[in-house]
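All remarks here apply to the structure that follows.
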Amino acid sequence: MDAQIKDIRLEYTDQGTGTPIVLLHAFPLNRTMWAPQLDSFSASFRTIAVNLRGHGGSSLSQASYTLEDLATDVKDFLDHLTIQQAVFVGLSMGGYILMAFYRLYPERVKGLILADTRAQADTPEGRAGRFEMIRTAETQGASAIADIMIPRLLSAHTIKTNPELVGEVRAMIIHNPVDTIVADLRAMVERPDSVSLLATIARPTLILVGELDQGTPPADARLMAERIPKAHLTVLPDAAHLSNLEKPEVFNQSVLSFLESINSN
Ligand code: MLT
């Protein structure tokens, strides 16, 4: 399905009925990363997975944007669907967008699931790495970005034993235009530190992290869990950064228990 949001066309999937759950994907992927979650969540909840602007088949209206722009796209998208409040799942960049969304539109948030993400801004080394990746994308294209990202997204064990999943992740990356990859990197490098936001998050929050996640490790998840007043942390064994794809059963079970606890309160 498509939603026209100002000058942007966003592709999305909307499955099931009940409390709306909005899934925000990671960099540099698209909504199909939520395939193992859609059927599971939509049995009990209205589950919506959106391609952020420029990703998958969603259009890219400008060469650059901020994470706040992406958060406002999501707010406009909720308006389009006439959804007043939702529970959000944001993984990695999706989590950065969810924090920006909470800063701007807290009344639209019923609960948060922050997966494999962090509140801190980039370190100087992290910023330098992003500029290097921008140069690589511009000179060598999306396939070179896939080569760099796959070992960061998936565990060594997954890469060795699950070529099908590796192929799916690669396909998501290379189907994104280079302009989108570059714009995401610029948006992430400019994102503000959200550590001071954490104490103001007044909604139930589940924090998930793969125990093998290198980019946003369990220490970053613990920091969020310590500062967000109503937070619960679950560390997922044997998963790296894309914990929802590497360990879908335990990821889904953790989210579903959390959603049930929100609904019963
Ligand atoms: C992601 O998975 O969205 C990225 O790894 C986030 C990042 O590069 O900070």
Side-chain angles (χ1 to χ4, degrees), residues 23-34 37 49-56 58 65-71 74 88-101 112-137 142 144-155 158-159 165-166 168-176 178 180-195 207-210 212-221 223-224 236 239-247 251:
L23 309 177
L24 302 175
H25 64 73
F27 164 83
L29 306 181
N30 64 47
R31 69 186 156 138
T32 63
M33 70 168 261
W34 299 113
Q37 279 68 53
V50 60
N51 276 340
L52 298 164
R53 68 163 87 171
H55 299 77
S58 289
Y65 44 78
T66 63
L67 295 180
E68 284 71 24
D69 292 331
L70 299 184
V74 173
F88 293 84
V89 186
L91 191 141
S92 199
M93 182 178 77
Y96 306 157
I97 295 165
L98 179 47
M99 286 181 247
F101 187 92
L112 303 86
I113 295 134
L114 293 165
D116 299 284
T117 192
R118 65 161 111 76
Q120 305 94 308
D122 285 350
T123 60
E125 298 74 37
R127 288 174 64 86
R130 300 238 194 248
F131 290 121
E132 182 63 37
M133 211 187 286
I134 289 171
R135 275 192 293 279
T136 302
I145 297 302
D147 293 341
I148 297 170
M149 287 305 295
I150 284 170
R152 299 185 187 180
L153 298 173
L154 300 169
S155 71
T158 298
I159 292 172
L165 180 56
V166 175
E168 285 166 13
V169 171
R170 172 172 286 276
M172 286 184 233
I173 298 174
I174 64 177
H175 285 120
N176 279 328
V178 165
T180 298
I181 293 174
V182 169
D184 280 351
L185 288 162
R186 290 196 202 285
M188 288 193 287
V189 86
E190 294 306 336
R191 77 185 190 285
D193 196 278
S194 291
V195 174
I207 295 164
L208 295 175
V209 64
L212 306 175
D213 189 340
Q214 312 258 341
T216 50
D220 291 345
L223 179 104
M224 294 189 288
L236 306 174
H241 192 59
L242 294 180
S243 58
N244 71 306
L245 285 171
E246 291 193 295
K247 293 287 158 198
F251 185 100

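For ligands, and for the atoms within them, numbers begin at 1 and follow the listed sequence.
- Backbone and side-chain nitrogen or oxygen atoms of Met188 are examined, and none is located within less than 3.5 angstrom of a nitrogen or oxygen of ligand 1.
- Given atom 6 (C) of ligand 1, the protein heavy atom at minimum distance is Ser92 OG, 3.0 Å.
- Here the side chains of His25 and Leu52 are in contact, with some heavy-atom distance below 4.5 Å.
- For atom 2 (O) of ligand 1, the nearest non-hydrogen atom from the set Met133, Met93, His241, Met33 comes from His241.
- At a threshold of 4.5 Å between non-hydrogen side-chain atoms, the residues Leu67 and Phe101 do not count as touching.
- Using a 4.5 Å heavy-atom cutoff, the side chains of Asn244 and Phe251 are in contact.
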Note to self: Assess the residue pair His55 and Asn30 against the criterion (side chain to side chain donor-acceptor pair (under 3.5 Å)); give the C-alpha distance rounded to whole Å, side-chain angles, the decisive distance to 0.1 Å, and a yes or no.
What the structure shows: CA-CA 6 Å; His55 299 77; Asn30 64 47; over 6 Å; no

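- Protein heavy atom at the shortest distance from atom 8 (O) of ligand 1 is Arg130 NH1, 2.8 Å.
- In terms of protein heavy-atom proximity, atom 9 (O) of ligand 1 is closest to Tyr96 OH, 2.5 Å.
- Taking the side chain as every heavy atom from C-beta outward, Leu24 and Met93 never approach each other to under 4.5 Å.
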